[in-house]
Amino acid sequence: MTNIVRIAQLVSGACLLLAAGACTSTVVGTASPAPTSATASADVFAGLNACRVLEQLTAGEGFGPGENISRRNECDVSKSEHGTYGLALDPVQGLREFAENSEGVVETSVNGRNALQAPIPLGGCAIVIEVSEHARAMVQVSLSSNDDQQACVDAQALAEKLEPLLPKVQ
């Protein structure tokens with residue numbers, strides 16, 4: 001056997017060992033270890049779709065279907081001659097980042113969770129609920145009447161309905 005053939009066999013064998021080691025032997029329906037905290041905290045909103053959640057929260061109120069407004073987990077629903085409600089589930093930014101980038105921020109709480117409220121620059125109100133230090137859920141309400149005070153009342157009500165659906169992470 002030549003050296004080239006032996007080298008090729010060794011390389012092939014090493015590749016097979018590496019490939020076999022990279023596979024798992026998980027069987028569907030069997031228990032597997034819980035994810036580590038680093039994996040679990042990667043996206044606290046994994047499995048939560050902003051449009052589905054927002055449609056659930058506004059069901060029966062005359063709002064249209066949810067419209068995904070970005071590549072991120074953000075959604076709006078609209079109601080003719082009433083306004084628009086929005087929901088953004090952000091697994092990366094917390095309350096601190098919202099406070100740093102918004103004007104007129106006031107501290108509040110939603111069902112006992114830390115939250116911030118701020119006016120939306122083009123009209124309306126936003127309430128941001130803390131999920132973890134680096135994750136937040138934001139509801140936004142913008143009314144056709146341009147009544148920002150009522151928009152904050154509506155945003156608070158929407159946030160209170162949303163809060164029980166949010167992950168409990170600390």
Next item on the list: Mind checking salt bridge (Lys or Arg N to Asp or Glu O under 4.0 Å) for Glu61 and listing every partner two or more places apart, or none if nothing turns up?
Entry: Lys161

Next item on the list: Over all heavy atoms of both residues, which pair between Ala135 and Pro91 is shortest? Give the atoms and the distance, please.
Entry: CB-CA, 4.1 Å

Next item on the list: Decide yes or no for Pro164 and Asn111: does some side-chain heavy atom of the first lie under 4.5 Å from some side-chain heavy atom of the second?
Entry: yes

Next item on the list: Decide whether Ser142 and Thr84 meet the rule of one side-chain donor and one side-chain acceptor closer than 3.5 Å.
Entry: no

Margin query: Counting neighbours of CD on Glu103 that are heavy atoms of other residues, nucleotides or ligands and sit closer than 6.0 Å, is the number greater than 12?
Written below: no

Check: Honestly curious: do Phe98 and Val44 fall in one hydrophobic cluster under the side-chain, below-4.5 Å linking rule?
Finding: no

Item checked: Whether Asn68 side chain and Cys75 backbone form a donor-acceptor pair below 3.5 Å -> no

Check: How long is the span from the OG atom in Ser145 to the CD atom in Glu81, to the nearest 0.5 Å?
Finding: 11.5 Å

Notebook entry, point to check: Which distance, rounded to the nearest 0.5 Å, do you find between the OH of Tyr85 and the CG of Leu57?
Noted result: 11.0 Å

Next item on the list: Could you pull out the closest heavy-atom pair between Cys125 and Ala155, with the gap in Å?
Entry: O-CB, 4.1 Å

Note to self: Going by the rule side-chain hydrogen bond (donor to acceptor under 3.5 Å, both in side chains), which residues pair with Gln156 if we only count those two or more places apart in sequence or in a different chain?
What the structure shows: Glu160

Notebook entry, point to check: Side-chain heavy atoms under 4.5 angstrom apart, residues restricted to Ile, Leu, Val, Met, Phe, Trp, Tyr: same cluster for Val128 and Leu166?
Noted result: no

Check: Is the shortest distance from a Lys or Arg side-chain nitrogen in Glu130 or Arg136 to a carboxylate oxygen in the other one below 4.0 Å?
Finding: no

Item checked: Non-hydrogen atoms of Ser102 and Ala118 that approach each other most closely -> CB-CB, 4.4 Å

Notebook entry, point to check: Hey, quick one: are Ile120 and Val105 part of the same hydrophobic cluster, counting side-chain heavy atoms closer than 4.5 Å, chains of contacts allowed?
Noted result: no

Item checked: Shortest non-hydrogen contact between Phe45 and Ala137, atoms and distance -> CZ-N, 4.3 Å

Note to self: Leu165 vs Gln56, test: side-chain contact (heavy atoms from CB on, under 4.5 Å). Steps then yes/no.
What the structure shows: CA-CA 10 Å; Leu165 304 176; Gln56 175 185 341; 4.0 Å; yes

Item checked: Minimum-distance pair of heavy atoms, taken over all atoms of Gly124 and Ala151 -> CA-CB, 4.0 Å

Next item on the list: With rounding to the nearest 0.5 Å, note down the distance linking CD in Glu74 to CD in Glu67.
Entry: 12.0 Å

Margin query: Is it the case that the side chains of Asp154 and Gln150 hold a donor-acceptor pair, with the cut-off being a distance below 3.5 Å and no angle test?
Written below: yes

Margin query: Measuring only between side-chain heavy atoms, which start at C-beta, is Cys152 closer than 4.5 Å to Gln117?
Written below: yes

Notebook entry, point to check: Is there a path of hydrophobic side-chain contacts, each under 4.5 Å between heavy atoms of I, L, V, M, F, W or Y residues, that connects Leu54 with Leu143?
Noted result: yes

Check: Is there side-chain contact between His82 and Phe63, with heavy atoms separated by less than 4.5 Å?
Finding: yes

Checklist line | Point-to-point distance, once rounded to the nearest 0.5 Å, from CZ of Arg96 to CG of Leu116 | finding: 12.0 Å

Note to self: As an exercise, state the distance from CG of Leu162 to CZ of Arg113, rounded to the nearest 0.5 Å.
What the structure shows: 8.5 Å

Checklist line | Closest non-hydrogen atom pair, Ser144 against Gly83 | finding: OG-N, 3.4 Å

Checklist line | Donor-acceptor contact below 3.5 Å, side chain Asn49 vs main chain Arg52 | finding: yes

Note to self: Do Leu48 and Leu87 land in one hydrophobic cluster if side-chain heavy atoms of ILVMFWY residues count as linked below 4.5 Å?
What the structure shows: yes

Note to self: Applying side chain to side chain contact (heavy atoms under 4.5 Å, CB included), can you list everything that pairs with Ala159, at least two apart in sequence or on another chain?
What the structure shows: Val110, Ile127, Ile129, Val139

